[in-house]
Asker: 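This structure is in structure tokens; I'll ask about it shortly.
This structure is a prediction, so every number in the text was calculated from the model and none was measured.
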Amino acid sequence: MAPTERFAARTTGMTASEIRALFAVASRPEVVSLAGGMPNLAALPLEALAGEVADLVRREGQVALQYGSAQGVPALREQICEVMRQEGINADPGDVVVTVGSQMALDLVTRIFCDPGDVVLAEGPSYVGALGSFAAYQARVVHVAMDEHGLIPDLLHDAVRTLAAQGITPKFLYTIPTFHNPAGVTLTVERRTEVLEICARYGIVVVEDNPYGLLGFSGRTYPALRSFEPEVIYLGSFSKTFSSGLRVGWALVPPAVRDRLVLAAESATLCPPSFNQMLVSRYLQGHDWRSQVKTFTEAYRDRRDAMLSALATYLPEGCEWNVPDGGFYVWLTVPEGVDTKAMLPRAVTARVAYASGTGFYADGLGSRQLRLSYCYPTPERITEGVRRLAGVLEAELDVMRTFGSPARISTARNAASGGPQSPSPDTA
């Protein structure tokens, strides 16, 4: 018997994401990668951190290099509560569970809530890592569209009522309300209360994923959903504000969820790495982390501005994009008839990479959209990457003007899938 025939049925939903599949190509030096969301770590005080690592091993190595608590180092959990206060959250360290990145927290939450066939609500588009976790546990994703102000409450209400008429209560709403990945938009404060009211009315748990919340370009910090409602499950991470490689994230959960989450964490990793947690704790205690976040934010704002300028300069007519006020991403809609997934190999040949929109939907939509990441390349590289992308788009449009077939194919595909592409959050 072939080994694959012994796999569990749920493995059929496990496929490599389009973004991860790009890494091998996008990491080539000649390719300008606007695809991945890698933080830019150039501004980190590496010499000071090297000293912290050495001192940690010398003074506390017996603890840092040993097994630890499945819930996480107590000192770090207290500091995490201080970090969350920046977004209006008042939390008890006892309700914080430290995880190996917030991706692990999301995976564990899905594991303890979802049986095969359960429904999860998520914005359309949504974070590709979340879609992977939902698929791994055989949950069905129902997308709710966004506009330039984030998730649309009326459409959320419609989706919930439609499911209720079928006797279905979604297990939770998964949302990235602030500086969304991939859409780059932010849910307004007014809509935040509406979304919470709808979910409370229908008994739907809210899972708030917030890795970018402190990376706003206007100086404004939006209140987390968790600051309005203590039953919200809040996922946080140090990957975007300190170091992605240390893989330190957390979940803030109600007490009724905490015990199950800790048990699930124990079965997954036994315990998160104590060394990584203690290094993050030392960083928060001994360094001006707020100023470091501001430094990161200023660098990302400069890169955002470079991308927006290049898009306005080079892209052909018919392209639309949002203007993000924080985070890492611009969400771009291309002219009717252009398929961004089909175009990607030609873009890579032209030495530029992006993430096609289809990877951010569970239902195959998004072929007219793509995500552009400005967090890692220099402003000069961003400008050159957009220039190359514009050349690829122009070539696609030239083919369409000559033969006309791509537009007809796209129209047929939309009709077969039951309608046009989901509305995209474009404010161009």
Asker: Taking the six-membered ring for Trp, is the centroid-to-centroid distance between Phe328 and Tyr212 below 6.0 Å?
Answerer: yes

Asker: Give the minimum heavy-atom separation between Ala224 and Ile89, together with the two atoms involved.
Answerer: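 Heavy-atom minimum between the residues: CB-CD1, 3.7 Å.
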
Asker: Please identify each residue that fulfils ring-ring contact (aromatic ring centres under 6.0 Å, His included) with His287, with sequence neighbours left out.
Answerer: Tyr283

Asker: Judged by modelled atom types alone, do Ser133 and Gln103 share a side-chain donor-acceptor pair under 3.5 Å?
Answerer: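 On atom types as modelled, these side chains qualify, holding a pair under 3.5 Å.
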
Asker: Who are the salt bridge (Lys or Arg N to Asp or Glu O under 4.0 Å) partners of Asp305, not counting sequence neighbours?
Answerer: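 Checked Asp305 against salt bridge (Lys or Arg N to Asp or Glu O under 4.0 Å); zero matches.
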
Asker: Step through the shown structure and confirm whether more than 12 heavy atoms of other residues, nucleotides or ligands are within 6.0 Å of OH on Tyr376.
Answerer: no

Asker: Considering residues at least two apart in sequence or located in another chain, which fulfil the ring-ring contact (aromatic ring centres under 6.0 Å, His included) criterion with Phe134?
Answerer: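 Checked Phe134 against ring-ring contact (aromatic ring centres under 6.0 Å, His included); matches are Phe172, Tyr174.
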
Asker: Considering all heavy atoms of both residues, which atom of Gly385 and which atom of Leu34 are nearest to each other, and what is their separation?
Answerer: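 Shortest heavy-atom contact: C-CD1, 4.1 Å.
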
Asker: Using modelled atom types only, decide if a donor and an acceptor are shared between the side chain of Gln71 and the backbone of Val98 within a distance under 3.5 Å.
Answerer: no

Asker: Please report the interatomic distance CG(Leu108) to CG(Leu235), rounded to the nearest 0.5 Å.
Answerer: 10.0 Å

Asker: Distance check, rounded to the nearest 0.5 Å: Tyr329 atom OH versus Arg304 atom CZ?
Answerer: 15.5 Å

Asker: First locate atom CG of Leu151, then atom OG1 of Thr186, and finally report the distance between them rounded to the nearest 0.5 Å.
Answerer: 12.5 Å

Asker: Would you indicate whether Arg381, at its atom CZ, is surrounded by more than 12 heavy atoms from other residues, nucleotides or ligands within a distance under 6.0 Å?
Answerer: yes

Asker: What's the shortest heavy-atom distance between Val120 and Cys114, and which atoms?
Answerer: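 Between these two residues, the closest heavy atoms are CG2-SG, 3.7 Å.
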
Asker: Would you please classify the geometry between the Tyr222 ring and the Phe179 ring as parallel, tilted or perpendicular, with 30° and 60° separating the classes?
Answerer: perpendicular

Asker: Could you check whether any side-chain N or O of Gln292 sits under 3.5 Å from a backbone N or O of Ala43, counting only pairs where one atom can act as donor and the other as acceptor?
Answerer: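 Confirmed, Gln292 side chain pairs with Ala43 backbone.
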
Asker: According to salt bridge (Lys or Arg N to Asp or Glu O under 4.0 Å), who are the partners of Arg85, at least two apart in sequence or on a separate chain?
Answerer: Glu82

Asker: With sequence neighbours excluded, tell me which residues meet side-chain hydrogen bond (donor to acceptor under 3.5 Å, both in side chains) with Thr349.
Answerer: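 Counting only residues at least two positions away or on another chain, Thr349 forms no side-chain hydrogen bond (donor to acceptor under 3.5 Å, both in side chains).
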
Asker: Would the distance check show the side chain of Thr193 and the main-chain N or O of Glu190 forming a donor-acceptor pair, the cut-off being under 3.5 Å?
Answerer: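 Yes, the answer is positive, given that a donor and an acceptor are paired below the 3.5 Å cut-off.
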
Asker: Taking salt bridge (Lys or Arg N to Asp or Glu O under 4.0 Å) as the test, write out the residues that go with Glu52, two or more places apart.
Answerer: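 Here the qualifying residues are Arg282.
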
Asker: Does any N or O in the side chain of Thr340 come within less than 3.5 Å of the main-chain N or O of Gln369, such that one atom is a donor and the other an acceptor?
Answerer: yes

Asker: For atom CD of Gln166, is the number of surrounding heavy atoms from other residues, nucleotides or ligands below 6.0 Å larger than 12?
Answerer: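 Counting other residues, nucleotides and ligands, CD of Gln166 exceeds 12 neighbours.
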
Asker: Check each of Glu87, Arg226, Glu208, Glu229 against Tyr234 using the side-chain hydrogen bond (donor to acceptor under 3.5 Å, both in side chains) test, and report the only one that passes.
Answerer: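 For Tyr234, the side-chain hydrogen bond (donor to acceptor under 3.5 Å, both in side chains) check succeeds only for Glu87.
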
Asker: For Arg388, what residues pass the side-chain hydrogen bond (donor to acceptor under 3.5 Å, both in side chains) criterion, not counting sequence neighbours?
Answerer: Glu384

Asker: Between Gly359 and Val128, which heavy-atom pair has the shortest distance, and what is it?
Answerer: O-CG2, 3.4 Å

Asker: May I ask you to check whether over 12 heavy atoms, not counting those of Glu317, lie within 6.0 Å of atom CD?
Answerer: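 No - once you tally the heavy atoms of other residues, nucleotides and ligands closer than 6.0 Å, there are 12 at most.
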
Asker: Any donor-acceptor pair under 3.5 Å linking the side chain of Arg192 with the backbone of Pro223?
Answerer: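 A pair under 3.5 Å: yes.
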
Asker: Would you please test Leu372 and Leu389 for side chain to side chain contact (heavy atoms under 4.5 Å, CB included) and show each step?
Answerer: CA-CA 10 Å; Leu372 297 175; Leu389 175 62; 3.9 Å; yes

Asker: Report the distance from atom CZ of Arg368 to atom OG1 of Thr358, rounding to the nearest 0.5 Å.
Answerer: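 So the gap between those two atoms works out to 14.5 Å.
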
Asker: Side chains of Arg290 and Thr295: any donor to acceptor distance under 3.5 Å?
Answerer: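 Side chains of Thr295 and Arg290: no pair found under 3.5 Å.
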
Asker: Does the Arg371 side chain pair with the main chain of Ala35, one donor and one acceptor, at a distance under 3.5 Å?
Answerer: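 A pair under 3.5 Å: yes.
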
Asker: Testing Leu121, Val232, Leu225 for side chain to side chain contact (heavy atoms under 4.5 Å, CB included) with Thr175, which one passes?
Answerer: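 It is Leu225; the other options fail the test.
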
Asker: Could you go through Ser126 and Val141, starting from their C-alpha distance and side-chain angles, then the distance that decides it, and tell me whether this counts as side chain to side chain contact (heavy atoms under 4.5 Å, CB included)?
Answerer: CA-CA 10 Å; Ser126 188; Val141 176; over 6 Å; no

Asker: Taking side-chain hydrogen bond (donor to acceptor under 3.5 Å, both in side chains) as the test, write out the residues that go with Asp95, two or more places apart.
Answerer: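 Applying side-chain hydrogen bond (donor to acceptor under 3.5 Å, both in side chains) to Asp95 gives Arg258.
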
Asker: Under 3.5 Å, is there a donor-acceptor pair between the side chain of Asn181 and the main chain of Tyr127?
Answerer: no

Asker: Holding to side-chain contact (heavy atoms from CB on, under 4.5 Å), I want the full list of residues that pass it with Ala312, two or more places apart in sequence or in another chain.
Answerer: Trp321

Asker: Going by the rule side-chain contact (heavy atoms from CB on, under 4.5 Å), which residues pair with Ala395 if we only count those two or more places apart in sequence or in a different chain?
Answerer: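 For Ala395, no residue satisfies side-chain contact (heavy atoms from CB on, under 4.5 Å) once neighbours in sequence are set aside.
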
Asker: Can you give each donor-acceptor pair under 3.5 Å made by side-chain atoms of residues 397-404, sequence neighbours left out, with the distance rounded to 0.1 Å?
Answerer:
| unit_1 | atom_1 | unit_2 | atom_2 | d |
| --- | --- | --- | --- | --- |
| Asp398 | OD1 | Arg401 | NH2 | 2.4 |
| Thr402 | OG1 | Asp398 | O | 2.9 |

Asker: May I have the step-by-step check of side chain to side chain contact (heavy atoms under 4.5 Å, CB included) for Val206 and Glu231, ending in yes or no?
Answerer: CA-CA 8 Å; Val206 176; Glu231 295 301 306; over 6 Å; no

Asker: If we ignore hydrogens and angles and just use 3.5 Å, is the side chain of Asn322 paired with the main-chain N or O of Ala183 as donor and acceptor?
Answerer: yes

Asker: Tell me if the aromatic rings of Tyr202 and His157 count as close, with their centers under 6.0 Å from one another.
Answerer: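 They qualify: ring centres under 6.0 Å apart.
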
Asker: I'd like to check the salt bridge (Lys or Arg N to Asp or Glu O under 4.0 Å) partners of Asp118; sequence neighbours left out, ordered by chain and number.
Answerer: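 Partners of Asp118 by the salt bridge (Lys or Arg N to Asp or Glu O under 4.0 Å) criterion, ordered by chain and then number, come out as Lys171.
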
Asker: Hey, is the main chain of Thr221 close enough, under 3.5 Å, to the side chain of Gln86 for a donor-acceptor pair?
Answerer: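 Not a single qualifying donor-acceptor pair exists.
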
Asker: Between the main-chain N or O of Ser239 and the side-chain N or O of Ser243, is there a donor-acceptor pair closer than 3.5 Å?
Answerer: no

Asker: Calculate, to the nearest 0.5 Å, the distance between atoms CG and CZ belonging to Leu263 and Arg260 respectively.
Answerer: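 Nearest 0.5 Å value for the CG-CZ distance: 7.5 Å.
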
Asker: Would Met104 and Thr269 count as a side chain to side chain contact (heavy atoms under 4.5 Å, CB included) if you check the C-alpha gap in whole Å, the side-chain angles of each, and the deciding distance to 0.1 Å?
Answerer: CA-CA 10 Å; Met104 176 186 172; Thr269 63; 3.6 Å; yes

Asker: To check you understand the geometry: which heavy-atom pair defines the closest contact between Pro170 and Leu163, and what is its length?
Answerer: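 Heavy atoms of Pro170 and Leu163 come nearest at CG-CD1, 3.6 Å.
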
Asker: Do the two ring centres, one from Phe217 and one from Tyr300, sit under 6.0 Å apart?
Answerer: no

Asker: State the CG-CD1 distance between Leu156 and Ile204, to the nearest 0.5 angstrom.
Answerer: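 Those atoms lie 6.5 Å apart.
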
Asker: Grab the two heavy atoms, one from Val248 and one from Gln277, that are nearest each other, plus how far apart they are.
Answerer: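 Minimum heavy-atom separation between Val248 and Gln277: CG2-N, 4.4 Å.
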
Asker: Do Asp325 and Ser218 get their side chains close enough for a donor-acceptor pair, meaning under 3.5 Å?
Answerer: yes

